[in-house]
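The block underneath contains the structure these notes are about, expressed in structure tokens.
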Amino acid sequence: MSTIIDGLSLGSIYALIALGYTMVYGIAKMLNFAHGDIIMIGAYALFTMMNLTGSPIVAIITAIVVCTLLGIVIEKVAYKPLRGASPLAVLITAIGVSYLLQSVAQIIYGAKARPVTLFSLGTVKFGEVTLSLSALVTLIVCAVIMVGLTLFVKCTKIGRAMVAVSEDKAAAQLMGVNVNNIISITFAIGSCLAAFAAVFYLLQISATSPTLGSMPGIKAFTAAVIGGIGSIPGAMIGGILLGLIEKLCQSVTALSPYTTAIEFGILILILLVKPTGLLGRKRREKV
Amino acid sequence: MAILEVKDLKVNYGLIKAIKGVSFEVNEGEIVALIGANGAGKTTILHAISGLIPKQAGTVTYCGHDITSTSAFKLIPQGLAQVPEGRRIFQELTVYENIQLGYFTGKDKKDYDELVEKVYSYFPILKERSKQIAGTLSGGEQQMLAMSRALMSKPKVLLLDEPSMGLSPLYVNTIFSIIEEINKSGTTVLLNEQNARKALSIADRAYVLEIGKITMTGTGEELLNDENVKKAYLGG
């Protein structure tokens with residue numbers, strides 16, 4: 001039971017990160033490989049503010065602001081000038097931004113891992129089962145964020161404009177939608193989710209380093225692809241699935257060393273059977 | 001008084017000169033048709049007017065303002081709307097959500113309700129299908145939806161790109177009679193059409209476009225009876 005909750009909670013962190021990948025891909029048609037590193041910057045923001053103020057609330061708010069602004073700035077400075085350029089150029093740029101962020105963090109904070117304790121929540125007992133409270137909080141907050149995001153996309157004007165831009169940029173412009181603004185908003189939302197991911201990820205590992213974002217970034221990207229990149233519910237399902245698989249594998253001693261291999265193996269299997277991912281659709285090529 | 005004026009427009013795609021200096025005007029209240037074969041540059045001209053593609057040279061004036069370098073999305077609240085070729089409706093959204101997006105730049109709830117009623121009165125079938133996913137509509141219904149979406153922005157000038165493309169003759173007649181109705185209610189129409197006979201029959205004036213240049217102009221009737229036009233575009 002506690003393995004399941006741990007898996008769900010790790011999965012919901014992956015889902016939060018995967019949402020960032022998938023929304024940006026859906027709308028800007030690019031893979032933002034610097035997304036994981038935004039989490040890392042968020043983690044350092046938490047680390048710095050915890051040391052300066054000692055208040056987790058202040059630290060979390062700072063991290064959210066820093067990540068959101070960082071996302072917008074990266075898009076404006078690095079990606080916007082490349083709109084219409086070949087996808088490969090954009091991809092290389094994203095990888096460049098990723099290394100840039102890691103190097104900046106290393107210059108400022110050094111390469112060593114720095115301990116961060118936001119707050120410790122302990123455990124709760126439900127009858128026989130002991131559950132980690134931080135896993136429960138993670139799960140609940142992530143669920144609320146995901147429901148909120150789904151409602152935002154479904155029910156607000158901006159949300160519908162996002163769907164429109166992801167489907168057909170020119171047609172969206174002919175509705176009076178400012179495509180550049182929508183792309184900025186998407187980056188802002190994705191990066192804001194990365195800040196939340198940083199908070200919950202730190203609750204699990206309690207230390208930050210310049211490469212903190214790489215592994216969860218890659219895992220979440222895998223989750224987004226499993227779910228079908230571009231699809232919001234797909235990212236959620238993919239994330240949860242991956243988190244569950246990871247924790248279940250780790251709980252079985254014989255499988256535990258092969259956890260990562262199993263995760264990526266499942267990715268390959270799913271892509272073999274359904275190349276567009278679980279919820280991905282084939283887009284008809286426009287003539 | 002010309003509400004839309006295009007002067008010496010040139011558009012290149014890389015090294016290819018697609019539009020080689022085209023000038024024409026559309027007066028308030030008119031239906032003006034651009035006719036010409038595939039690849040003549042009709043769609044390119046409409047995209048250039050709407051600001052979707054960059055222009056090499058020339059000016060576009062709309063309601064007395066120079067809109068040559070205005071971004072596409074800014075033209076919608078000014079009343080210059082386009083129904084693009086191939087309809088380009090948002091397939092994943094419902095019919096109603098597509099119509100709603102047409103009012104993206106508007107803010108008045110009452111105004112919005114009236115507009116929705118108005119487009120439903122033009123196209124009653126869309127009201128029946130309002131909750132349906134737009135991608136499941138037939139070609140003709142999608143054309144109706146694309147037109148409704150554009151009408152939601154209360155255009156003064158409506159650019160229509162190949163509204164009859166791929167439609168059954170029955171739908172073509174419906175669409176064209178609605179274009180006339182829209183025009184009678186005060187919207188100026190610039191129409192791109194390969195179906196020259198149909199376009200000329202409703203147009204006040206028309207321009208014939210051949211490989212990036214205007215080669216002929218006249219009233220719809222004059223061109224319908226012109227021997228060269230008959231030969232090239234009306235099947236003898």
Side-chain angles (χ1 to χ4, degrees), chain A residues 22-23 25-29 80-81 83-86 150-186 227-235 276-277 279-287, chain B residues 38 43 46-47 49-54 70-94 96-107 109 112 133-135 142 145-155 158-161 165-166:
Chain A
T22 229
M23 287 176 72
Y25 180 82
I27 283 156
K29 293 284 171 289
K80 196 178 166 193
R83 206 144 298 150
S86 92
T150 309
L151 290 178
F152 174 78
V153 171
K154 269 226 168 344
C155 306
T156 67
K157 217 169 158 175
I158 300 287
R160 270 192 307 273
M162 288 168 97
V163 180
V165 171
S166 83
E167 246 194 78
D168 188 334
K169 283 195 184 58
Q173 288 187 64
L174 291 178
M175 302 295 102
V177 175
N178 183 341
V179 170
N180 282 331
N181 277 354
I182 296 293
I183 293 180
S184 287
I185 293 172
T186 310
I229 192 134
S231 153
I232 289 178
T276 51
L279 298 185
R281 288 159 308 242
K282 243 192 214 141
R283 275 170 190 277
R284 267 177 290 165
E285 283 298 318
K286 294 209 177 65
V287 200
Chain B
N38 247 342
T43 297
L46 290 203
H47 280 193
I49 294 174
S50 279
L52 289 172
I53 51 171
T70 308
S71 310
F73 72 92
K74 287 187 186 147
L75 294 172
I76 309 308
Q78 294 180 33
L80 180 61
Q82 182 182 155
V83 182
E85 183 180 12
R87 338 222 226 255
R88 310 224 352 214
I89 54 159
F90 302 112
Q91 311 253 344
E92 292 163 38
L93 296 174
T94 65
Y96 182 71
E97 285 168 334
N98 267 278
I99 291 175
Q100 246 179 337
L101 266 169
Y103 196 69
F104 187 78
T105 55
K107 283 181 181 69
K109 178 82 178 76
Y112 168 77
I133 298 294
Q142 291 193 11
L145 181 56
M147 285 170 69
S148 304
R149 207 173 55 167
L151 288 173
M152 287 300 291
S153 66
K154 284 205 277 191
L158 186 60
L159 312 178
L160 285 163
D161 200 352
M165 193 170 71

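Side chains included, hydrogens not; waters and symmetry mates left out as well; all remaining heavy atoms used. Protein chains get the first letters and strands the later ones, always in sequence-line order, with residue 1 at the start of each. Here the structure is a predicted model, which is why all the values come from computation and not from measurement.
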Checklist line | Residue E85(B) versus chain A: region with a heavy atom under 4.5 Å | finding: neither
Next item on the list: Taking all heavy atoms of G176(A) and all of T105(B), pick out the closest pair and write down the distance.
Entry: O-CG2, 3.6 Å
Next item on the list: Examine whether an atom of L52(B) lies under 4.5 Å from a heavy atom of chain A, and if so say whether it belongs to the side chain, the backbone or both; otherwise answer neither.
Entry: side chain
Margin query: How long is the straight-line distance from CG of N178(A) back to CZ of F104(B), given to the nearest 0.5 Å?
Written below: 8.5 Å
Notebook entry, point to check: Quick one: does E92(B)'s side chain have a donor or acceptor within less than 3.5 Å of a partner on E167(A)'s backbone?
Noted result: no
Margin query: If I take atom NZ from residue K157(A) and atom OH from residue Y103(B), how far apart are they, to the nearest 0.5 angstrom?
Written below: 8.0 Å
Check: Checking V177(A) against chain B: side chain, backbone, both or neither under 4.5 Å from a heavy atom?
Finding: both
Notebook entry, point to check: So which part of L75(B) gets closer than 4.5 Å to some heavy atom of chain A, the side chain, the backbone, both or neither?
Noted result: neither
Item checked: Atom pair CD (Q173(A)) and OG (S50(B)), whose distance is rounded to the nearest 0.5 Å -> 9.5 Å
Note to self: I'd like to check F90(B) versus M175(A) (side-chain heavy atoms, cut-off strictly below 4.5 Å). Are they in contact?
What the structure shows: yes
Next item on the list: Under 4.5 Å, counting heavy-atom pairs only, tell me which of R149(B), E97(B), H47(B), M152(B) racks up the most with chain A.
Entry: R149(B)
Notebook entry, point to check: Is chain A contacted by the side chain of S153(B), its backbone, both, or neither, given a heavy-atom distance below 4.5 Å?
Noted result: neither
